[in-house]
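Excluded from the calculations below are hydrogen atoms, water molecules and symmetry mates; all remaining heavy atoms, backbone and side chain alike, are included. Residue numbering restarts at 1 for every chain, and letters A, B, ... go by the order of the sequence lines.
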2 protein chains.
Amino acid sequence: MDTKSRILETALALYNEQGIQSVTSRHIAAEMGISPGNLHYHFRHTDDIIVALYEALSAQMDALVFEMERIENARPEALLDFAEHTFPVVFKYRFIFLHFPEIGLRVPSVKKQYTELVKRRQKEFLSFFKAWQEKGIFRKDVPPQILQTLVTQIFLAGDYWLSHNELTARLKGKEAARAYRQVFAGLFWPYLTEKGRKKFSR
Amino acid sequence: MDTKSRILETALALYNEQGIQSVTSRHIAAEMGISPGNLHYHFRHTDDIIVALYEALSAQMDALVFEMERIENARPEALLDFAEHTFPVVFKYRFIFLHFPEIGLRVPSVKKQYTELVKRRQKEFLSFFKAWQEKGIFRKDVPPQILQTLVTQIFLAGDYWLSHNELTARLKGKEAARAYRQVFAGLFWPYLTEKGRKKFSR
DNA sequence: AATTGATTAGTACATTTGTTCTAAATCGAA
DNA sequence: TTCGATTTAGAACAAATGTACTAATCAATT
């Protein structure tokens, strides 16, 4: 594998283990057994490594959304499946989710990109719910602003389940996935109609 | 005011503005117009300042919980009021909520204290819900594990609404409080009985 | 007034960090 | 094989950081 990719790989491992604060370009180079000069030949600035890793995460998330939209999406399980598919990606790039505010301060462009992404996603999710209402899967007697809070709740869970787990039960791998899948399910289960609930339970 | 308190005050302001990474003991001292030596006379290690600020937050949160338990707590609004009372405290010490993982890495004792706090609080909340079920305010047909996810959802919202707001709508003061009060309300509104819902709406 | 302890300023030092620079080594095409 | 470009190592530098140290100042008590 070429050096540039190895730098990204090593940096990801170190950032995930130790956070971004205590991992320096020298540490990454030492871990790989290359010189600092060589590392900075491939990435002029240390922050460029973080940007590259964020872009990799972003691309993988986009791919998942694309996949979700490609297949049938007019089922409540679609959203749950999507959430579940994101778990390994979130875990792979966990330092980004755990240390996002620090990253945002160091690399403002990342913060800006992310806020724009969230805006788009929120609209998408809201339109999912409305489509489900049309199909009689979702309750129609839910006021719009309540539906809006549901979107917020989903984003809170999606972005911070990892941080929460880190500070509480510290579940590992499959167990964590099961627990937080349940949390997601619990979020919109109350809003399903009888019909939707039948489709949903399995 | 004595120097020690002024250090804490200045550090809090700077941490809230700029995060913990870029704020050094020298910055704090310079901001106050005192010498670095003087600052380190009052706080041997820079991290001691963070510990002191965390303890202040912790004490204020404890006071709120104590207050909630002192007055009538067998009402769903009690929890909502509690959430609302925490908003200004969360905002005052916002750097702790925004940068908790970084703080946890720098000062492991803070992380340890917090995880223990969360465990206690989770049990308290769960017993609230069970009490409400006994009183016919909360639905009884909710399986225990779903009730458990509700607790998780509440903690996710309580700990990360600030981070979420920072990355999305960036609502200010009262507006943020109103929006996230709504999110909290939306969380357990679906679990209220008819009776509970009547008591709740106001 | 003298003394003692607390507070403060200012300097100094070792370490770390990001980055640059120079020169060597390696590689690929002609 | 040669030659130019790419890649690499290693040294060097300036800036920043935590914190220790020394001496001065201040405040209160005897």
May I have the distance from [X] (atom [atom1]) to [N] (atom [atom2]), rounded to whole angstrom?
| X | N | atom1 | atom2 | value |
| --- | --- | --- | --- | --- |
| A/Ile34 | D/dT7 | CD1 | C1' | 10 Å |
| A/Ile7 | C/dT19 | CD1 | P | 13 Å |
| B/His40 | D/dT17 | NE2 | C1' | 9 Å |
| A/Gln21 | C/dG18 | CD | C1' | 16 Å |
| A/Gln18 | C/dT17 | CD | P | 11 Å |
| A/Ile50 | C/dG18 | CD1 | P | 10 Å |
| A/Met32 | D/dA9 | CE | C1' | 14 Å |
| B/Phe43 | D/dA20 | CZ | C1' | 18 Å |

[N] OP1/OP2 closer than 4.0 Å to side-chain N/O of [X]:
| X | N | result |
| --- | --- | --- |
| A/His45 | C/dT19 | yes |
| A/Arg44 | C/dG18 | no |
| A/Ser25 | C/dG18 | yes |
| B/Thr46 | D/dT19 | yes |

### Task
Could you tell me the separation between the OG1 atom of A/Thr168 and the CG atom of B/Asp159, rounded to the nearest 0.5 Å?
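Rounded to the nearest 0.5 Å, the OG1-CG separation comes out at 9.5 Å.
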### Task
Go through C/dT8, D/dT8, C/dT19 for me and flag the one nearest to the A/Ser35 side chain.
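Nearest to the side chain of A/Ser35 among the choices is D/dT8.
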### Query
Side chain of A/Asn38: nearest nucleotide among D/dG18, C/dT20, D/dA9?
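Nucleotide nearest to A/Asn38's side chain: D/dA9.
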### Message
Can you work out whether A/Ser22 or A/Tyr41 has the more 5'-proximal nearest nucleotide on DNA chain C?
### Response
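Looking at the nearest nucleotide for each, A/Ser22 comes out on the 5' side.
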### Near-ring test B/Tyr15/B/Tyr93, centroid separation under 6.0 angstrom
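No.
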### Message
Centre-to-centre under 6.0 Å for A/Phe87 and A/Trp161, is that the case here?
### Response
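Here the rings of A/Trp161 and A/Phe87 have centres that are less than 6.0 Å from each other.
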#### Entry: DNA chain D: 5'-proximal contact among A/Arg26 and A/His42 (nearest heavy atom)
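Nearest-nucleotide comparison on DNA chain D picks A/His42.
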#### Entry: cation_pi(B/Arg94, B/Phe91) dist<6.0 Å, angle<=45
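Pair B/Arg94/B/Phe91 counts as cation-pi.
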### Task
Evaluate the ring planes of A/Phe125 and A/Phe128, with Trp represented by its six-membered ring, and classify them as parallel (under 30°), tilted (30 to 60°) or perpendicular (over 60°).
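Taking A/Phe128 first and then A/Phe125, their aromatic rings sit tilted (interplane angle of 30° to 60°).
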